[in-house]
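One structure below.
Fair warning: this is a prediction, and the values are worked out from it, not measured in the lab. First the proteins, then the strands, lettered A, B, ... as listed; each starts at 1. The basis for the numbers below is simple: all heavy atoms, side chains too, and nothing from hydrogens, waters or symmetry mates.
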Amino acid sequence: MSDENNISRRGLFMKLGILFNGLVATALAVPFVRFLSSSVTRGRSGSYLSWVPLGRVNEFPEGETRLATFRNPYVMPTDGKTVDTACWVRRVEGEQFQVFAVNCAHLGCPVRWFPQSGLFMCPCHGGAYYRDGSRASGPPERGLFEYPTKIENGLITIQAGELPTPGASLALLGKKPPCES
Amino acid sequence: MRVLAQIGDWFDRRLQLAAPIREAAEHPVPRNTASWFYVFGSAALTVFLLQLVTGIMLALIYVPSAGEAWSSLQALNHDVTLGWFIRAMHGWGSNFMVAIVLIHMVQVFLFGAHKFPRELTWILGVFLLLMTLGMAFSGQVLRFDQDAYWGLGIGASIVSRVPIAGPAIVKLMLGGPIIAGATLSRFFALHVFVIPGMLIGFVCLHVLMVLKLGINEWPMPGRIVRRATYINEYHDLTKKAGAPFVPYAIWKDLFFAAFVLLAVAVCALYFGPFGPTGQPDPTIIQTVPKPDYFFLWLYALLSLLPPSLETPFLLIGPVLAITGLLLLPFLSGEGEKSWRRRPIAVLTVLLIAITLGTFTHLAGYTPWSPDMNAWSGDVIPEQFLHRTSALERQGALVFQVKQCRNCHSLGDLGGQRGPALDSVAVRLTQDQLIRQVIQGGGNMPAYGKNLSPAETTALVAFLETLHPAGQAPARDASRDIVLGEDQAERQAAQR
């Protein structure tokens with residue numbers, strides 16, 4: 001090594017080499033991070049959500065709650081059966097519908113409908129909901145998640161595409177859970 | 001023999017590893033550490049190696065695709081020669097590894113091995129514990145069945161409660177908007193590449209530090225750790241009075257390691273592989289998801305915490321627990337090592353063990369969950385229907401049909417979510433029964449909208465018969481005055 005103030009030729013090259021590596025690493029970090037965060041950034045524009053038909057309106061008797069299934073709008077080739085999703089469809093009367101996610105608002109276990117007692121019950125931690133989705137008892141802090149619905153060409157259609165979680169996803173934020181009566 | 005020695009010599013002239021390996025093997029250890037209490041670290045390492053070997057074997061057949069993972073597990077269980085045994089070894093190996101790592105941690109803590117100068121060894125150990133749990137959870141996901149599917153949903157629900165960033169973290173965790181192919185692939189990458197890679201690195205550092213700093217000496221009550229003097233004192237224990245690790249101490253490690261491997265194999269042979277349970281088809285909702293045993297305590301805790309405390313607990317609890325574990329060697333880096341002089345340490349371990357044990361035990365029979373099939377499966381025992389009127393029998397029907405049984409037991413049959421009703425008439429008067437049925441309360445939903453007045457009357461009439469033979473049902477004394485004695489007596493006679 002030469003004097004303190006002098007930079008040797010090899011020392012300079014080493015520093016330039018480190019700098020060069022740093023530049024390349026920074027440049028590569030951009031596509032790497034974009035790849036890794038694609039599942040988040042894609043969802044930010046709401047592009048996971050679509051309107052999905054559940055069936056003809058007359059397939060759902062008035063005053064009853066039925067299980068319906070739909071295929072998630074966002075599908076990858078390796079998804080298998082996991083993109084088939086279930087939901088509870090309640091036809092209140094006429095063209096008035098409520099469509100609930102099967103996922104309990106507590107921790108997401110699948111709730112089951114008991115028409116005789118008019119309750120949704122969760123097998124995991126014992127959450128229970130009334131027929132309109134409002135909380136009846138147990139650990140959930142809110143009612144069932146409800147999909148936005150509309151009727152199109154005689155088909156009951158919901159806006160879906162994201163796993164409903166208590167952190168609230170886009171689709172389910174728009175609609176407030178039904179209040180307890 | 002001479003040829004072998006020559007070959008060995010040829011390699012060592014190039015590798016030059018024989019001398020450092022011999023030095024490491026024969027490093028002196030304090031004589032009293034050649035103890036059966038000091039075998040858990042090497043046992044954890046042994047099971048980890050077993051997991052590496054069996055894991056690689058499983059990867060030869062397993063397909064990490066949401067569409068095919070389940071059937072590739074079925075093929076392992078039923079079609080591939082001894083596939084079931086390798087799966088069972090890997091599953092039981094995982095249970096053993098969690099258990100041994102926890103035992104190792106408790107032993108290290110009670111023997112004061114986290115104190116100066118082994119703070120960093122402890123901290124690496126805490127990360128190794130977290131990675132072991134991470135392997136356990138991600139491994140449960142790779143067993144891509146109904147439990148795995150809904151377990152992921154529970155994980156996502158917990159993560160989503162993080163303020164602001166919650167939904168983004170959920171999508172990052174799931175690799176998309178829902179639990180699907182990308183989710184399994186990413187947990188496969190975690191379970192097979194990321195966490196094992198980190199584990200191998202951390203285990204090497206952990207063991208290296210045990211070699212560099214020396215194994216913790218057997219703690220003697222009254223022998224105080226001081227930063228200024230400890231190194232010299234330890235030096236005396238090893239250099240002057242110590243014995244070489246090989247063979248003086250290692251034979252116990254060897255025996256225990258072989259014993260643990262044998263125990264894993266026996267469990268695998270006797271109990272067989274874990275699952276897979278039903279297909280991961282989210283349209284099949286007739287399922288009662290449950291985590292593997294090391295997360296059962298959490299499952300129990302989440303149903304017993306008051307709802308308002310749950311989110312703070314889930315988000316702050318782990319941070320506090322991990323910070324506490326990481327800070328421990330700095331908060332108590334000196335002083336007594338022996339558990340005989342550290343009552344608070346012993347009590348803390350006992351408290352945590354008993355708490356986790358109790359929660360795990362409770363999660364075994366989930367008294368908080370409704371029994372979804374009790375209303376159709378569990379009959380009303382005959383003795384409750386003896387000498388009942390038509391109205392009361394109609395009430396018993398209502399009781400059955402309206403799923404009351406899912407939460408309430410009669411004669412030990414039925415759910416345990418609500419109180420057993422065998423003698424409810426002793427506790428509640430007629431009015432209180434009506435009120436409870438119609439308005440709900442406590443943990444019970446209101447049934448007012450789902451029962452006609454006739455059904456309510458019949459149901460309450462049946463509930464009023466539920467009292468032990470020698471014990472009168474509860475009655476409201478004020479009614480005697482309001483109704484006049486005659487009418488009240490007539491009513492009582494009707495019951």
Rounded to the nearest 0.5 Å, how far apart are CD1 of B:Ile284 and CG of A:Asp84?
10.0 Å
What distance do A:Trp88 atom CH2 and B:Ile285 atom CD1 have between them, rounded to the nearest 0.5 Å?
4.0 Å
Mind ranking B:Pro307, B:Ser308, B:Gly67 by heavy-atom pairs under 4.5 Å with chain A and telling me who comes out on top?
B:Pro307
Assert top hit (heavy-atom pairs under 4.5 Å, partner chain B, pool A:Gly161, A:Pro140, A:Pro77) equals A:Gly161
Contact origin within B:Asn406 toward chain A - heavy atom pairs under 4.5 Å
side chain
In terms of heavy-atom pairs under 4.5 Å with chain A, the winner among B:Lys402, B:Arg161, B:Met372, B:Glu68 is B:Met372
Does any backbone or side-chain atom of B:Thr287 lie under 4.5 Å from a heavy atom of chain A? Answer side chain, backbone, both or neither.
both
Under 4.5 Å to a heavy atom of chain A? For B:Ala182 that would be both
Could you pull out the closest heavy-atom pair between A:Cys109 and B:Ile154, with the gap in Å?
SG-CD1, 3.8 Å
Under a 4.5 Å heavy-atom cut-off, does chain B meet the side chain of A:Leu36, its backbone, both or neither?
backbone
One option among B:Thr366, B:Leu302, B:Val401 has the most heavy-atom pairs under 4.5 Å with chain A, and it is B:Leu302
Of the backbone (N, CA, C, O) and the side chain (C-beta and beyond), which part of B:Leu174 lies under 4.5 Å from a heavy atom of chain A, both, or neither?
side chain
Among B:Ser157, B:Gly181, B:Pro177, single out the residue with the greatest number of heavy-atom pairs under 4.5 Å to chain A.
B:Pro177
Highest number of heavy-atom pairs under 4.5 Å with chain A: which of B:Cys404, B:Pro370, B:Gly442, B:Gly166?
B:Pro370
State whether the side chain of A:Thr78 and the backbone N or O of B:Ala66 hold a donor-acceptor pair below 3.5 Å, judged by distance alone.
no
Atom of A:Arg112, atom of B:Asn373 and distance for their closest heavy-atom approach
NH1-OD1, 4.4 Å
Tightest non-hydrogen contact, residues A:His125 and B:Tyr299, listed as NE2-O, 3.1 Å
Looking at A:Gly108, A:Ala105, A:Ala128, which makes the most heavy-atom pairs under 4.5 Å with chain B?
A:Gly108
Could you check which of A:Gly80, A:Ser39, A:Ser37 has the highest count of heavy-atom pairs closer than 4.5 Å to chain B?
A:Ser39
Contact class of B:Trp375 relative to chain A, heavy atoms under 4.5 angstrom
side chain
Considering only heavy atoms, which portion of B:Trp368 lies under 4.5 Å from any heavy atom of chain A: side chain, backbone, both, or neither?
both
Taking everything shown except B:Gln74 itself, do over 12 heavy atoms lie less than 6.0 Å from its CD?
yes
Do you know which of B:Gly151, B:Ala446, B:Gly415, B:Pro64 has the most heavy-atom pairs under 4.5 Å to chain A?
B:Ala446
Contacting region of B:Gln286 [heavy-atom separation from chain A under 4.5 Å]:
both
Separation between CD1 of B:Ile179 and CG of A:Leu163, rounded to the nearest 0.5 Å
5.0 Å
Return the minimal non-hydrogen interatomic distance between B:Ala168 and A:Val40, and the atom names on each side.
O-CG2, 3.3 Å
Tell me the closest heavy-atom pair linking B:Gln279 and A:Lys81, and the distance in Å.
OE1-CD, 4.2 Å
Quick check: closest heavy atoms across B:Arg417 and A:Pro139, and the distance to 0.1 Å?
NH1-CD, 4.3 Å
Counting only N and O atoms by type, is there a donor-acceptor contact under 3.5 Å from the side chain of B:Thr283 to the main-chain atoms of A:Thr85?
no
Structural part of B:Thr311 lying under 4.5 Å from a heavy atom of chain A:
side chain
Heavy atoms only, distances under 4.5 angstrom: which of A:Leu119, A:Thr69, A:Val75 has the most pairs with chain B? Name it, please.
A:Leu119
Checking the side chain of B:Gln403 only, and the main-chain atoms of A:Ser117 only, is there a donor and an acceptor separated by less than 3.5 Å?
yes
Note: vs chain B, highest number of non-hydrogen pairs under 4.5 angstrom among A:Phe114, A:Tyr74, A:Phe70 is A:Phe114
Side chain, backbone, both or neither: which part of A:Asn103 has a non-hydrogen atom closer than 4.5 Å to chain B?
side chain
